[in-house]
Every structure is written in C-alpha cells, then in structure tokens.
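Before any comments, here is the structure.
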Protein chains: 2
Amino acid sequence: MDNLTERQKLILSLVIHEYTRSAQPVGSNTLVKRYKLDMSPATVRNEMAALTDMGYLRQPHTSAGRVPSEEGFRFFVGRLLRETELPDDTRHMISHQFYQSPPDTEQWMRLAASVLAHQSRAASLVTAPHPEKALIKHVEVISTYGRQVLMVLVMVGGEIRQRIMTLSDLVPQEVLTKAAQNITRLLQGKDAASIKAAMPQLQGLEYDLTHWMMQAMGESDAVVGGEVYLDGLSNVLAEPEFSDSMEARRALRVLEERSQLQQLLSRTMSGGGVGGVQVLIGGEGAMSELSQFSMVLARYGMPGVVTGMLGVLGPMRMPYGRTISTVRYIAGILSGLVTDAVGEEKYG
Amino acid sequence: MDNLTERQKLILSLVIHEYTRSAQPVGSNTLVKRYKLDMSPATVRNEMAALTDMGYLRQPHTSAGRVPSEEGFRFFVGRLLRETELPDDTRHMISHQFYQSPPDTEQWMRLAASVLAHQSRAASLVTAPHPEKALIKHVEVISTYGRQVLMVLVMVGGEIRQRIMTLSDLVPQEVLTKAAQNITRLLQGKDAASIKAAMPQLQGLEYDLTHWMMQAMGESDAVVGGEVYLDGLSNVLAEPEFSDSMEARRALRVLEERSQLQQLLSRTMSGGGVGGVQVLIGGEGAMSELSQFSMVLARYGMPGVVTGMLGVLGPMRMPYGRTISTVRYIAGILSGLVTDAVGEEKYG
DNA sequence: TTTTAGCACTCTCGGATCGAGAGTGCTAAT
DNA sequence: ATTAGCACTCTCGATCCGAGAGTGCTAAAA
C-alpha cells in the first residue's frame, strides 16, 4: 500500500524530527551530517525530490530546505510513528499529583489541564466527564433567597448538575424538601424520556420542578458537557511560527468561543472510543482558523456510561510521539478516577 | 497643586487622545492640523518640551513625536479625564442582555466577562460575588457514589459552596439527610468562628461533616473567591504594540496563573469601596509583567456583605473614559443583581 | 542500475547605503 | 508671549550587494 521505500520513510522521519526541533526548513547536508547518515547528500536530495513529488514534503521556495507538508505529517503519524511509553519518572510525577489531589471532579479537570499544558508545552483542553445517558439518582431542592431556589441533581454515576431558578411563589424549605423527596422516590433511576412520560402524574410545585429538571438533563445529554477547562494558552505564543501573532490570535479566538469549541470537540468525539487517541492535523479541513495547528485528542471515562474528552492544541510541528503518550497516559488516569467514582452501580 | 497651565493640560489631553487612536508618536504639526488648534506648531512644541521636562511625555528618540509617559497617563486619568456616561443605546443593549439571562450567578459572570471584553476590546476578568463573612444558611449532604458524598453549603445571601469528599464508612442517604438537618438546625446563621466553638458538642459523622464545612468556609473567607472568569484574551493580541507577542505572552501568563491573579486582585480590592473605579497604570509597580498594560477595576455587590470584582486588562493607551464608564456601568448592573438576590435578609 | 561527485544556478537573508520625511530645538522677528 | 524660519537629527523604507545554503542536473563511479 505505502509506496515508500524504507529509506524514504527514514528520511521523511528525520526531516520531521529535525523540523520539529528547529522550526526551519531542513536541507540535505544538515540531515546527513547531524544524523551521520550512511549516504551522500546527493542521494538524500534525490529521495527528498521524490517525497516532494508525492506531496509529503514542501519547498518554501526554490532553493531552500524541505518542510513536511500536512500530508507528510499525516503519513508520519499514521504509519511511521512508533508508540513510545512515557518515561517512568514522568509517569510517577504525574500520577502522584492526581492521587494526592482531593477527590473532586473539578480539581481533577484543572489538574489534568495544567499537567497536560506543562508536559506538552502547548494549549490543553479538558471537558468534564458526563453520562452518555443521564439517569436521576437523587434530587435536592434548597431555598437560597426568597423565591430563588437551587436544584441539585445527582446522576447515577455521581455527576452533579445544578440549576438556580425562581419560583412563582414563596415556598418554605420544608415544603421544598418534601417535594424533592417525592420526586426522588418517583423518578429514581429514570432517564429524561421516562421522566417526560411520568410528568402528567405530577402537579403544582412538583410539576414545575420536574420541568426544570428536564432542561438540566437535556443539557447533560449533549455529547460534550458544559465546562471546558483550558490551560497553557500562552504556550502557543511561544512558538516561533506564531511570533507574528495573527495566526495565534485566531487559534485563541476559537478556544475562547465556547460554542465553536464544543462543536469541534463533539464532532471529533463521535468517532473513536475510549483509549484511542485521535490526531487532527492542520485542522483536518474542519476549521480554517486551525489550519496551522494540530490537535491530539482522546476520550476518557467508561465507554457508554460516562465519558469526557481531553487533548492538546499545538503547532503542526509538535512532537507527536511524546504528546500522544502524554495524552493517552492522562486519559488513562482520568478513566481510572472516573471509574472508581462510578464503581459498579447498575445502569439501564 | 498642579502646576500645568490650561493650555498644557489641553495639549497633554490631545496627545493622549491622538496616541490612543494611532498608537504612534504624536508630532506638533499633526496635532495642530487635526485638532484645528488656534496656535502654531512652534508654540505646541514649546509646551510639549515643557511637558517632557515634567515627565508627562516621552520622546522615543531625539526627533520623533511625543508619547505619553506612565506619569502622563496617570495625571490624565486622575485630573484631566472628565467622566462620560455611556451612550443610551449601549446601556440599553447591555442591560437588556442581563435582564433576559437566567437568574444564575455563573451565567451572570460569564455574561459580564463577555460584554466587558467586547465593549472594551480588551481582556476582561470577573470574580464571583462572595460574602465578606460567610454565614451558614443551610446544609445538605447527598450521597453520590459509595463513600463519596457531596456537601452543599448555602450561605446567607445565596452563595453556594460545594465540596465532594469521601467518608471513612458507607453511610445511607437517610442518615446523611438526618445529620445535615441536625447541623443546619445547630449552626444556622453562624460564621466560621462560632462553628469552631460549637464543634466539641458534635461527634462521629456530624463532627466529620462539620470539619469539612470549616474548610469550605475558610476558602470562602478569602478576599477574592474561587473562580475568575476571563474573556477577550485574544483582544490583547490585536493591539499593534503587542504584535511581537513577547509582551502579550507575559500578560497571558499572569492571567492564566490563578494564584498570581488572585493575589493581584485582592491587593487591589482591599483599597476602594464599591462604586469606585480603580485604574492601575503600567502595573503600578506591582507586577513587572504588566508594565506595558493598564487595568481598570471595580468592586461590585453590597459593601460589607457580598462583593466581587470585575475589570479590564488592556494596553496602557486604552480609551480610559469609555472603559471606565463601561466598567462602572456593568459593576452597577451586577450590584443590582446581587442585591436583588440577597435581598433584605439579616446579617450578624 | 544505483549512488555520488561536481557544478552552475537560485533564492533568501543580513548588512550597508541613501534619500525622503517627519519632527525637533533654537534663534530672531513679530 | 508667540511664531516664522531654519538647520539639524533620526527613523523608515527602498535598494543594492554578497555570502551562504540549498537545489537540480549531468556525468562519472560503483
């Protein structure tokens, strides 16, 4: 299938390696010297010419070194990259941080984003885990002030959804508590659809409350849940290719615009299960603002039950091997944490 | 006190105005022509020389126009700037957005950050409102999975604090509910200190729960509460003076580093009450990374009860008049919303 | 047939040069 | 006190040039 000779693969790999190091076009001489290749620059030139014809390399101008093309990176990641394990000490360092952090989802998300950003020296993004199909476990309604109440929904699996709303009448806490208990008893273990079916049985306050619940659960059913945790945005600006800042600015914009971001993530999430790491090179056609960037994304959690997503956004010439390992490793840790939290409750 | 003649003040103002428009050194000719001044360029030159001597203007090099110095901006903001009201339609547009958003603090924060970023075309930051002294109103404990429970604290004033924790034993929901009811009855209206005093009366589960409460309340007593909402970071990159990206990167770093940010904010918050708008020019000595930037900050909420902070981070040459008005206006709206939510419950 | 040495050629990049333009400070006249 | 006039300074952009890096091609070597 792949019509590249071994030597061509080697050279492509080396060009990519060198280019990710230096951010500059790579010439035949440099390559031979730095990697002590057992062939002459001329040979390398010939091979590079071939790779250029095939679309894996580009020449910024007639007489400069070669730069890997989008296709080149894609081929490299797909066929040439050998998976490497993260070094032991790095792994220990990371897992240590997680296991000594308090057992709080929000903390975990922040930590994951922070670690990912530091390790990859790029921008990181993490979404909170949320159930693929939300089932109510417990409902609590608390009066905060006046007619304003806080509704807390605990889902099977431990996810928490909350919503503040204003009732049409003033209702004392005791009544709210009663109502919440009723609703809990009635709807425990049900999903949004069954709740809808059960609604006609309810009336007055309980009906209103259930109505709000539906809304909160609807949000929860979206492929990608609410918050997206970001970190390391400033890393993007450090890359030499973005020193002119225009490109970087576009990327920042995408990351800031929650709706765009969620769209992007959910589109990606739908492919690939937990464990697999997806690599989007050059925005993969989807998002023109990201044409200079690559993303390494992974899903974590319990497939079919609760999942979230995490990943990295960096320049196209990123060290894919290491980045993929890092993303995979942290996804693994989060999966572990989430699985522990969810345990073996029953579903469906 | 101010030893500037009226004419010098005028010229300083105009230089600043022109410089904020163009981001380029301002010359005497330009000034006379564009503002149809009733004097000759030579006169302007003399005055500018005087202003330079006094330290209000700088010359990038011997023969270029003048640029306002940090001192210049400071004098301008402190003495020369006349307060302007935001135009009617802008105000309506803004308030409309708030009053049609759901009554949820988190939504308000996001909205405020977003509006502020758009209006000022700079980076915005908003902290959630939180009580100056936290008083417990209601406690709820909900089992999420296994030994993990969610504790929800509702403070007097409506602020919500929550914490996930792991108990040493498995405890059924009914017991948790009972315990929470007990604690609520016992500690309602108390602050952290009184709770500490009351702790010896408790034991077992209730003691443990109260212990955690103390922690959550301790956080809550810090001058600046948890989350800081950011928006418009990419705006900073759009400014011509940051096209080389190094400076911009530093600023981004500060904003990303929550701890630094909170420190900065709390230092500023401690001065000045609600309503007053504070302007920090050139980082005001405090933070060298921000030497090229200015911040416009305001406190909102109910003084002495619940307050938060919001503001803008932009280039030193920002349109202070408009920015200050915007910040003040949005602070006013948030104050209104918070006051509504808190209402007239009693304190102390 | 494959590899490589040799070579002419191309293109970028950094530095040097230069003139135009903008702006200043000073002096002398108003 | 203001301003016209003028010499002077400094930046900025354009242009030019040479060095350097790298290529593609051809012909010889393996």
Do the side chain of [X] and the main chain of [Y] share a donor and acceptor less than 3.5 angstrom apart?
X: B:E239; Y: B:F242; answer: no
X: B:S22; Y: B:E18; answer: yes
X: B:E257; Y: B:Q260; answer: no
X: A:T43; Y: A:M39; answer: no
X: A:T52; Y: A:R58; answer: no
X: B:R121; Y: B:N235; answer: no
X: B:S13; Y: B:K9; answer: yes

Any ion pair linking [Y] and [X] (charged N to carboxylate O, less than 4.0 Å)?
X: A:R74; Y: A:E71; answer: yes
X: A:R253; Y: A:E289; answer: no
X: A:R91; Y: A:E85; answer: yes

### Task
Using a cut-off of strictly less than 4.0 Å between a heavy atom of the residue and any atom of DNA chain C, enumerate the qualifying residues of residues 32-40 of chain A by number.
A:M39, A:S40
For [X] and [N], give me the distance from atom [atom1] to atom [atom2], rounded to whole Å.
X: B:R58; N: C:dT24; atom1: CZ; atom2: C1'; answer: 17 Å
X: A:D53; N: D:dT23; atom1: CG; atom2: P; answer: 14 Å
X: B:N46; N: D:dA1; atom1: CG; atom2: P; answer: 12 Å

### Message
Between A:R7 and C:dT3, is there a contact of a side-chain N or O with OP1 or OP2 at under 4.0 Å?
### Response
yes
### Message
Less than 4.0 angstrom between a side-chain N/O of A:T62 and OP1 or OP2 of C:dC11, yes or no?
### Response
yes
Between protein and nucleotides 16-19 of chain D, what N or O pairs are separated by less than 3.5 Å?
none

Can you give me the N/O atom pairs linking the protein to nucleotides 21-23 of chain C at distances under 3.5 Å, or say none if there are none?
{"residue": "C:dG23", "atom": "OP1", "partner": "B:T30", "partner atom": "OG1", "Å": "3.3"}
{"residue": "C:dG23", "atom": "N2", "partner": "B:S63", "partner atom": "OG", "Å": "3.4"}
{"residue": "C:dG23", "atom": "N3", "partner": "B:S63", "partner atom": "OG", "Å": "2.9"}

## Note on the structure
Exactly one of A:F76, A:F73, A:F75 clears ring pair (Phe, Tyr, Trp, His ring centres under 6.0 Å) with A:Y56, and that residue is A:F75
